[in-house]
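For reference, the structure is listed below as structure tokens.
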2 protein chains.
Amino acid sequence: MNNNDKISPAVIRRLPKYYRYLGELTKMGLNKTSSRELSEMTGFSASQIRQDLNNFGGFGQQGFGYDVENLRNEIARILGLDKKYKIIIIGAGNIGQAIANYTGFYEADYEVVALFDKNPKLIGMSMRNALIKDIDELEEFLNVENIDIAVICTPKSVSQQVAEQLVQCGIRAIWNFAPKDLKMPDYVHVENVHLNESLFSLTYYYNQMNKKKSE
Amino acid sequence: MNNNDKISPAVIRRLPKYYRYLGELTKMGLNKTSSRELSEMTGFSASQIRQDLNNFGGFGQQGFGYDVENLRNEIARILGLDKKYKIIIIGAGNIGQAIANYTGFYEADYEVVALFDKNPKLIGMSMRNALIKDIDELEEFLNVENIDIAVICTPKSVSQQVAEQLVQCGIRAIWNFAPKDLKMPDYVHVENVHLNESLFSLTYYYNQMNKKKSE
DNA sequence: AAATGTTTGTTAAAATATAAGCAGGAGGCA
DNA sequence: TGCCTCCTGCTTATATTTTAACAAACATTT
């Protein structure tokens with residue numbers, strides 16, 4: 001944290017993985033590790049791991065390695081996992097419901113506060129303590145509640161409009177599951193999960209392998 | 001396709017995006033485009049787009065541009081979207097069901113043939129023509145049916161074991177939603193969708209913005 | 001206490017990915 | 001036709017990312 005230069009996105013994408021493996025080490029009862037060991041677990045080179053971590057400060061000890069719990073806490077702090085976040089989900093269809101019910105965000109404090117949809121059949125239902133509300137109540141809701149992250153799970157046709165509405169109400173972090181690239185101002189961060197693009201890539205490599213096999 | 005060198009993964013990840021935007025151009029009734037126009041739409045540089053496409057052959061015409069439909073078909077062929085794929089989903093929980101019901105794979109021919117789970121309450125239910133079967137029937141099923149892609153939506157604790165079973169039965173393409181890095185032989189391609197890592201990255205950037213704002 | 005083996009933090013080099021630049025072909029239009 | 005503009009395909013330059021290398025710090029053993 002002593003270094004305020006912009007950290008490469010590639011580094012940021014690797015941090016959650018380190019965090020996860022450090023959690024596994026903890027579960028295994030180990031309290032000391034090394035870049036070499038982490039390299040074997042993650043598949044990243046030991047050199048890269050050391051360099052990644054040193055972007056934020058020297059957490060290790062020469063000749064010894066890293067203290068598992070300490071390093072994990074440091075990464076949590078860097079990512080911000082030591083804080084609580086309130087989430088809303090726009091679009092309570094398949095994906096929206098799956099996210100609301102997803103238990104995989106363990107070890108971090110994300111709370112789904114509400115879902116929004118325009119389908120009257122869904123409005124009023126609740127998912128894990130979170131109520132599905134009418135999309136028309138969105139603005140009013142955001143004016144009262146303090147929400148950190150909004151998840152867009154709407155059809156792509158309305159995703160841009162929904163995103164703009166969110167931003168207007170103060171949202172600055174969007175997790176986007178609609179197959180669409182949202183045009184947003186610089187001060188909004190959008191993290192995309194484009195499932196179709198992911199599947200299309202997989203399809204490409206699947207065919208490449210088959211091609212190779214038949215050569 | 002004249003070039004058999006390995007194409008960079010970065011290029012492959014961009015192709016689905018080109019494909020999507022070409023589809024939008026078609027919908028808008030345009031039959032001609034250019035790298036400059038695609039650049040404005042996608043946010044990638046025109047130069048990069050031209051270079052990406054030229055990995056696979058010259059689809060454009062100097063002084064004119066690209067024929068939208070032709071280029072779209074070429075990309076579809078490169079990715080393999082001109083073929084049909086049979087999919088099974090292992091784990092019929094939140095995510096598994098969401099994928100089964102997901103209609104966003106339009107314009108490509110993916111068919112979810114079956115889901116597998118061990119929960120007796122789920123077994124026998126059907127999602128969009130696909131039946132949820134007992135996980136114990138998986139091997140037998142794979143010996144009879146010809147499946148292209150398996151989607152892992154199980155808890156992470158069993159994901160590795162399930163993956164190994166799939167590979168043993170001939171599966172070579174895995175779309176993995178479990179928060180775990182599967183150890184697989186080289187001839188298996190795994191495409192990961194690590195939702196927690198994605199959310200953690202978003203969290204980092206969210207905090208960075210707040211930090212900047214308060215400085 | 002000295003010698004030896006580890007492992008970090010950091011710097012330098014290599015590899016990869018992205019952007020810029022430009023020659024030449026194609027279309028449009030006077 | 002001849003001139004002008006546009007746009008690709010390719011080559012060269014820049015930027016980014018990854019890997020390699022190594023001195024200094026610490027732990028362990030003798």
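Here is the naming used below: chain letters follow the sequence lines, and residue numbers restart at 1 for every chain. Owing to the predicted nature of the structure, the values given are computational and were not obtained by experimental measurement.
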Quick one: what's the B/S/- string for nucleotides 6-16 of chain D, heavy-atom cutoff under 4.0 Å, read 5' to 3'? BBBBSB-----
Below 30° counts as parallel, above 60° as perpendicular, anything between as tilted: where do the rings of [X] and [Y] land?
{"X": "A/His189", "Y": "B/Tyr205", "answer": "parallel"}
{"X": "A/Tyr18", "Y": "A/Phe44", "answer": "perpendicular"}
{"X": "B/Tyr85", "Y": "A/Tyr206", "answer": "perpendicular"}

Going by side chain to side chain contact (heavy atoms under 4.5 Å, CB included), name the residues that satisfy it together with A/Asp67, two or more places apart in sequence or in a different chain.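 With sequence neighbours excluded, A/Asp67 shows a side chain to side chain contact (heavy atoms under 4.5 Å, CB included) to A/Glu69, A/Asn70, given in chain and number order.
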Taking only residues two or more places apart in sequence, or in another chain, which ones meet [X] in a salt bridge (Lys or Arg N to Asp or Glu O under 4.0 Å)?
{"X": "B/Arg172", "value": "none"}
{"X": "A/Arg36", "value": "A/Glu40"}
{"X": "A/Arg72", "value": "A/Glu107"}

Consider side chain to side chain contact (heavy atoms under 4.5 Å, CB included). Of B/Leu202, B/Thr203, B/Leu199, which one does A/Glu191 pass it with?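 That would be B/Leu202.
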What is the 5' to 3' range of DNA chain C, first to last nucleotide, that sits under 4.0 Å from any heavy atom of chain A?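 Going 5' to 3' along DNA chain C, contacts run C/dT6 to C/dA12.
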Output one line per pair: protein atom, nucleotide atom from nucleotides 3-5 of chain D, and distance, for all N/O pairs under 3.5 Å.
none

Tell me, which pairs form a salt bridge (Lys or Arg N to Asp or Glu O under 4.0 Å) where one or both residues lie in residues 157-169 of chain B, sequence neighbours left out?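 Checked against salt bridge (Lys or Arg N to Asp or Glu O under 4.0 Å) - neighbours excluded - no pair reaches residues 157-169 of chain B.
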Could I get the full list of side chain to side chain donor-acceptor pair (under 3.5 Å) partners for A/Asn94, not counting sequence neighbours?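 Partners of A/Asn94 by the side chain to side chain donor-acceptor pair (under 3.5 Å) criterion come out as none, since no residue qualifies.
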Applying side chain to side chain donor-acceptor pair (under 3.5 Å), can you list everything that pairs with A/Ser201, at least two apart in sequence or on another chain?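 Checked A/Ser201 against side chain to side chain donor-acceptor pair (under 3.5 Å); zero matches.
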Taking five pairs at each end, how big is the angle between the two axes of the helix from C/dA1-D/dT30 to C/dA30-D/dT1, to 10°?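 Angle reported: 10°, given to the nearest ten degrees.
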Contacts under 3.5 angstrom, residues 177-184 of chain A side chains, donor-acceptor by atom type, not counting sequence neighbours:
{"residue": "A/Asp181", "atom": "OD1", "partner": "B/Lys17", "partner atom": "NZ", "Å": "2.8"}
{"residue": "A/Asp181", "atom": "OD2", "partner": "B/Arg20", "partner atom": "NH2", "Å": "3.2"}
{"residue": "A/Asp181", "atom": "OD2", "partner": "B/Tyr21", "partner atom": "OH", "Å": "2.7"}
{"residue": "A/Lys183", "atom": "NZ", "partner": "B/Met41", "partner atom": "O", "Å": "3.1"}

